[in-house]
Amino acid sequence: MFAPMLDDAPDLNKERLALVLEAAGLDLWENDLVTGQVTQKATKTFQELGFTEDEMVTGLQEIYDLFHPGDLDIVRKAVADHVAGITPQYRAEFRLRSKAGEWVWFANYGRIMDRSSDTPGKRLIGVTFNINDRKQKEDEIAQANRQLMEQNRLLQALNTALELLAANDALTGLSNRRALMEQGANECQRMERFDHPLSVLVVDIDHFKPVNDAWGHLAGDRVICAVAQACAARKRSGVDIVARFGGEEFVIVLPETDGAGALAMAESLRQEVAAMSVPVDEQGACVAVTVSIGVATLQQGSGLNFEELVNRADKALYRAKQAGRNTVVCADSVPRAGGASPGADSVADLAPVPSTIPSPVVAPVHILASPRGNTEGAW
């Protein structure tokens, strides 16, 4: 009574295998690598590609003709590595050309079943399964990641630009007051830590209001930009800080610079500005410009913060204005820790040249562009 069941067992196992493969979306195939023939076709795969039974290929070379050119070498290497025993299984992902000419992603998993025979490779058995949906999702994720990376790059660039806008003066491009006070406070801490002097110059354009009154704010902008460029030209890159403090006033921070060095730079800057002629209109009319400068130097142990150092230099600037303008004046020296305080240092011996209300002169001087308005001062 059991004989019929035994006779039907192979067919039953085949049916079970076919059901499992169908449920798993797998297409069974077998190739003879020795002869290059396909001994069992991947029928389901060819049907998915749109081919009829008569159009299904029977040779390995014909199958390779369906592979995407960019994937063919990868597949061949995967087969060769498995045949050589480098890999325990044959695995590969690739694109096949459908009958309609579209590229569809598939994956193979197989193994040589007769490796111990005299002609290993006659039975390479494996399964093919469609991974096109997965690959499309991967491509979508990759595209989303690329877009996200690009957006992050743009956001970083925008943040950098915003940081520059937040730290720089719109008219001159110099550091603004906020950035100056932050960086200056850091320099005071460095001065205390490393025991080197820190000097500050407060520079103010003389008789600036009459320039605005006589020539307009655009001319005032040009004067501010010209003086700003003269200040910035003396900056040691990565060391000094040059900032527009407000209106027509500038602050130059000189780390590792003592009073004598700061005074020398201030006088050199004063002379350079006094020699300038700044164009104030399109017809070539120019005005002479001068500046007054206050200088203050901080030493270790003084107990002063950066704002107090700037205030000392500003008071020295006020004395320079009182002395007739176009002058450099140094604040009282700050005593070193445990030392005595010497008398006040003033540069009266620099022979300051008092400036007058600027009058137009004709000179072929380059006109400085001005994107924004200035703020008038009272000096």
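Since we're looking at a predicted model, the values are computed, not measured.
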Check whether more than 12 heavy atoms from other residues, nucleotides or ligands sit under 6.0 Å from atom CD of Gln156, and answer yes or no. no
State which residue, out of Leu28, Thr128, Leu49, Asp27, fulfils the side chain to side chain contact (heavy atoms under 4.5 Å, CB included) condition with Lys44. Asp27
Lys/Arg-Asp/Glu bridge criterion (N-O < 4.0 Å) met for Lys235, Asp240: no
Nearest heavy-atom approach of Gly220 to Asn212 is CA-OD1, 3.4 Å
Polar side chain donor-acceptor pair, Thr52 to Glu55, under 3.5 angstrom: yes
Do Val83 and Arg115 have side-chain heavy atoms sitting under 4.5 Å apart? no
How long is the straight-line distance from CZ of Arg193 back to CG of Asn186, given to the nearest 0.5 Å? 9.0 Å
Could you go step by step and tell me if Glu150 and Leu154 meet the side-chain contact (heavy atoms from CB on, under 4.5 Å) rule? CA-CA 6 Å; Glu150 178 63 17; Leu154 292 174; 3.9 Å; yes
Hey, could you give me the CE/CG distance between Met149 and Asn145, rounded to the nearest 0.5 Å? 8.0 Å
pair Ile252-Leu269: side-chain heavy atoms closer than 4.5 Å: yes
For the side chain of Asp314 and the backbone of Val310, is there at least one donor-acceptor N/O pair under 3.5 Å apart? no
Determine whether more than 12 heavy atoms belonging to other residues, nucleotides or ligands lie under 6.0 Å from atom CD of Glu138. yes
Thr257 and Arg236: side chain donor to acceptor below 3.5 Å: yes
To the nearest 0.5 Å, atom CD1 of Ile293 lies from atom CG of Leu317 at 9.0 Å
Test item: Ser292 side-chain N/O and Asn326 main-chain N/O as donor-acceptor pair under 3.5 Å: yes
Taking every heavy atom of Phe129 against every heavy atom of Gly25, the minimum-distance pair comes out as CB-O, 3.4 Å
Heavy-atom pair of closest approach, residues Val295 and Ala262: CG1-CB, 3.7 Å
Quick one: does His68's side chain have a donor or acceptor within less than 3.5 Å of a partner on Arg97's backbone? no
Decide whether a cation-pi geometry holds between Arg91 and Tyr109; the criteria are a distance under 6.0 Å from NZ or CZ to the six-membered ring centre and an angle within 45° of the ring axis. no
Linking I/L/V/M/F/W/Y whenever their side-chain heavy atoms sit closer than 4.5 Å, directly or via other members, would Tyr64 and Met56 fall into one cluster? yes
Okay, side chain of Asn31, backbone of Leu124: is any donor-acceptor separation there less than 3.5 Å? no
Do Phe208 and Val289 make a side-chain contact, defined as non-hydrogen atoms from C-beta onward lying under 4.5 Å apart? no
Shortest non-hydrogen contact between Trp215 and Ala285, atoms and distance: CH2-CB, 4.0 Å
Decide yes or no for Ser277 and Val287: does some side-chain heavy atom of the first lie under 4.5 Å from some side-chain heavy atom of the second? no
Report yes if the side chains of Leu158 and Thr160 come closer than 4.5 Å at any heavy-atom pair, otherwise no. no
Does Glu308 reach the main-chain N or O of Asn305 with its side chain, forming a donor-acceptor pair under 3.5 Å? yes
The test is salt bridge (charged side-chain N to carboxylate O under 4.0 Å, His left out); show your working for Lys135 and Asp139 and say whether it passes. CA-CA 6 Å; Lys135 282 292 186 178; Asp139 289 343; over 6 Å; no
Are Lys321 and Glu249 close enough for a salt bridge, meaning some N to O gap below 4.0 Å? no
Test log, rule side-chain contact (heavy atoms from CB on, under 4.5 Å), inputs Arg325 and Val291: CA-CA 7 Å; Arg325 298 179 175 83; Val291 293; over 6 Å; no
For Ile205 and Ile224: C-alpha separation, side-chain torsions, deciding distance, then whether side-chain contact (heavy atoms from CB on, under 4.5 Å) applies. CA-CA 8 Å; Ile205 301 173; Ile224 288 173; 4.2 Å; yes
Judged by atom type as modelled, is there a donor-acceptor pair below 3.5 Å linking the side chain of Arg178 to the main-chain atoms of Ala166? yes
How far apart are the closest heavy atoms of Ala296 and Ala331, and which atoms are they? CB-CB, 4.1 Å
Give a yes or no answer on whether the side chain of Arg244 reaches the backbone of Gly247 with a donor-acceptor pair at less than 3.5 Å. yes
Euclidean distance, Trp29 CH2 relative to Ile63 CD1, rounded to 0.5 Å: 9.0 Å
Could you check if a side-chain atom of Ile241 sits within less than 4.5 angstrom of a side-chain atom of Leu180, using non-hydrogen atoms only? yes
With under 30° as parallel and over 60° as perpendicular, where do the rings of Phe106 and Phe94 fit, or are they tilted in between? parallel
Check whether Asn132 reaches the backbone of Trp105 with its side chain - one donor and one acceptor, N or O, closer than 3.5 Å. yes
Verify, without hydrogens or angle tests, whether Ser98 (side chain) and Glu102 (backbone) share a donor-acceptor contact under 3.5 angstrom. yes
Matching residue for Thr45 among Asn130, Val127, Leu96 - test: side chain to side chain contact (heavy atoms under 4.5 Å, CB included): Leu96
Hydrophobic cluster identity match, Leu66 and Trp103, side-chain contacts under 4.5 Å: no
Are Val242 and Ser175 close enough that some pair of their side-chain heavy atoms sits under 4.5 Å apart? no
Going through the distances and angles, do Arg95 and Asp71 end up as a salt bridge (charged side-chain N to carboxylate O under 4.0 Å, His left out)? CA-CA 7 Å; Arg95 287 159 288 182; Asp71 302 333; 2.9 Å; yes
Is there a donor-acceptor contact under 3.5 Å from the side chain of Asp213 to the main chain of Gly216? no
Within the 3.5 Å criterion, strictly below it, is a donor on Gln136 or Glu140 matched to an acceptor on the partner's side chain? no
Which pairs would a plain distance check flag for residues 33-42, meaning a side-chain donor or acceptor within less than 3.5 Å of a matching protein atom at least two apart in sequence or in another chain?
unit_1: Thr35; atom_1: OG1; unit_2: Asp32; atom_2: OD2; d: 3.1
unit_1: Thr35; atom_1: OG1; unit_2: Gln37; atom_2: N; d: 3.4
unit_1: Thr39; atom_1: OG1; unit_2: Glu30; atom_2: O; d: 2.8

Steps toward side-chain hydrogen bond (donor to acceptor under 3.5 Å, both in side chains) verdict (Asp206, Thr290): CA-CA 6 Å; Asp206 297 325; Thr290 63; 2.8 Å; yes
From Glu256 atom CD to Leu254 atom CG, the distance as rounded to the nearest 0.5 Å: 11.0 Å
Measuring from atom CG of Asp169 to atom OG1 of Thr172, what distance do you get when rounded to the nearest 0.5 angstrom? 3.5 Å
Give the intermediate values and the outcome of salt bridge (charged side-chain N to carboxylate O under 4.0 Å, His left out) for residues Lys77 and Asp73. CA-CA 6 Å; Lys77 184 178 186 305; Asp73 288 343; over 6 Å; no
Between Arg319 and Thr327, do the side chains contain an N or O donor and an N or O acceptor separated by less than 3.5 Å? no
Which atom pair, heavy atoms only, marks the closest approach of His82 to Gly110? NE2-O, 4.3 Å
Crowding at CZ, Arg234 (>12 non-hydrogen neighbours, <6.0 Å): yes
Going by heavy atoms in the side chains, are Pro255 and Leu198 under 4.5 Å from each other? yes
